[in-house]
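As a basis for the values below, the full set of heavy atoms in this structure was taken, side chains included, without hydrogen atoms, waters or symmetry mates. Note on naming: letters A, B, ... go to the chains in the order of the sequence lines (proteins, then strands), and numbering restarts at 1 for each one.
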There are 2 protein chains.
Amino acid sequence: MPEHARNKEQAILDAAEREFLTKGFDGARTTSIAQAAGVTHAMLHYYFRTKEKIFERILDEKMRLMGESVLTAFGSPGLPLSERLRQGIENHFDFVAANPDLPRFLVNEVFARPERYEAMRQRIRWIMNPLLADLQRELDEAAARGEADPADALMLLLDVISLNVFPFLAYPVLEPLLGDLAGDRTRFFAQRKAENLEVIRKRLLKTPQR
Amino acid sequence: MPEHARNKEQAILDAAEREFLTKGFDGARTTSIAQAAGVTHAMLHYYFRTKEKIFERILDEKMRLMGESVLTAFGSPGLPLSERLRQGIENHFDFVAANPDLPRFLVNEVFARPERYEAMRQRIRWIMNPLLADLQRELDEAAARGEADPADALMLLLDVISLNVFPFLAYPVLEPLLGDLAGDRTRFFAQRKAENLEVIRKRLLKTPQR
DNA sequence: ATTTTATTTAACAAATTTGTTAATGCAAAG
DNA sequence: CTTTGCATTAACAAATTTGTTAAATAAAAT
């Protein structure tokens, strides 16, 4: 493929990513994408045929990125469990912080059109099930050694992801409540990260109570 | 206002709620709303002028409902802190379970168009700040009595809401990972509720460790 | 009963949006 | 140099979607 074409094709994809990520499929306009990419809107159809096809390219890429982020965040075997979890939470949190509109995009488009998601189910399993099995084994071993309470790996991972992702989704609603942190996005999210680490750390503590 | 008109107006609002909640503002079609309500689409404009105005009615109502749900869930003073939290988590979880597409709707529409939200900032503060202050006082007292670790009320509440809401947002992505729970939505969410209670309970435990 | 007001319908219109197409330019291969 | 194929543009078209309007109908008031 010629160089200048590749550039335009990529320019369109870049513009489409911004447009779809911020406005969703229904809110996105192919003319806006073309304008942002600096091409006539006929070029979009020349390269990608339809709006739907451009969208699929972006959605696939983002789904892959999201799955990969969880995998790379928590996939550090060889470390002690508590350290592995600490690093996993931090890495995952930082990833979400660097891609703050990714979760909303995926939640929306996947939830709104499950048929689009069908193709990904298998892939999600392939990626996540080994990680979950590995994590479960470590959790069981730690519990057997009396270092931690028993825990279900999926539930624990969902705890982490919920705590890491949701504050980014809800930030506009939270911001008026922040008091001295209001307006200071960075400081608020630093505090959230610490809180999430603490919550998960305590979740695993062995406690005789109750 | 005559009875039959009130009925049609209400039928339109009911249909609009379903349409907007499932498809969002951009994806919603006024003709679909009219059809679902059993009226010609001109009636929509007769009663509400514009699509935007119908949407605002729905959005306002849902924002109010959401704020109210948090308030009523956790607003039971007079109980011991741990019991108040337990009831709060359960009530809030049950509310989300009964309105599973509400969070996605609000996250979307509010995040996508912050200008729409401006009017609500003040109201959110009025509703939430007293609750937070009250909860903070109880947390401080419990900590002073040595019954719990110190905690920030807003952070704790955000823990709860994150844990309660996110699994509903992410369910389509989670479902392929559920193993023996796959397909059994009810059982999965029962387990989530128990997990969330446990996470928050442990979050407050006084621990000498670290 | 008549007038007045509110409700409803069908037809229309304007704007937007996605997608097509035919003509043109341009670069490389032969 | 010419031919071939890809890239690009401008103009167009079809479909959709929101909103309007004038006329018809029903209801309420006098």
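Listed by first then second residue, pairs satisfying salt bridge (Lys or Arg N to Asp or Glu O under 4.0 Å) with a partner in residues 31-53 of chain A read Glu52(A)-Arg116(A), not counting sequence neighbours. Screening residues 73-85 of chain B for salt bridge (Lys or Arg N to Asp or Glu O under 4.0 Å) gives Glu83(B)-Arg86(B), Arg84(B)-Asp134(B), Arg84(B)-Glu138(B) as the qualifying pairs, with residues at least two apart or on separate chains. Note on residues 161-172 of chain A: pairs passing side-chain hydrogen bond (donor to acceptor under 3.5 Å, both in side chains), not counting sequence neighbours, are His92(A)-Asn164(A), Asn164(A)-Asn196(A).
For Tyr47(A) and dT8(D), the shortest distance from a side-chain N or O to OP1 or OP2 is below 4.0 Å. The phosphate of dT8(C) (OP1 or OP2) has a side-chain N or O of Lys8(B) nearer than 4.0 angstrom.
Within a 6.0 Å radius of CD in Gln35(B), other residues, nucleotides and ligands contribute 12 heavy atoms or fewer.
dT8(C) atom P lies 12 Å from atom CZ of Phe48(B), rounded to whole Å. One can place CE of Met43(B) at 17 Å from P of dT21(D), the figure rounded to the nearest angstrom. Counting to the nearest Å, the P atom of dT8(D) and the CG atom of Leu44(A) are 12 Å from each other. Whole-Å rounding puts the His45(A) NE2 to dC12(D) P distance at 17 Å. Between Asp26(A) atom CG and dT17(D) atom C1' the separation is 13 Å, expressed in whole Å. Atom NZ of Lys53(B) and atom C1' of dT20(D) are 16 Å apart (whole Å). Between the CZ atom of Arg49(A) and the C1' atom of dT17(C) there is a distance of 17 Å, rounded to whole Å. Atom NZ in Lys23(B) sits about 14 Å away from atom C1' in dT16(D), given to the nearest Å.
Contacts of Arg123(A) classified as salt bridge (charged side-chain N to carboxylate O under 4.0 Å, His left out), with partners at least two apart in sequence or in another chain: none. The salt bridge (charged side-chain N to carboxylate O under 4.0 Å, His left out) test applied to Arg187(B) returns Asp184(B), not counting sequence neighbours.
When distances are taken from the side chain of Tyr46(A) to each of dA7(D), dT20(D), dT21(C), the shortest belongs to dA7(D).
Nearest-nucleotide assignment on DNA chain C puts the 5′-proximal partner with Thr40(B), out of His41(A) and Thr40(B).
The shortest distance between side-chain heavy atoms of Glu68(A) and Leu65(A) falls below 4.5 Å.
For the contact set between residues 29-39 of chain A and DNA chain C, defined by any heavy atom under 4.0 Å, the members are Arg29(A), Thr30(A), Thr31(A).
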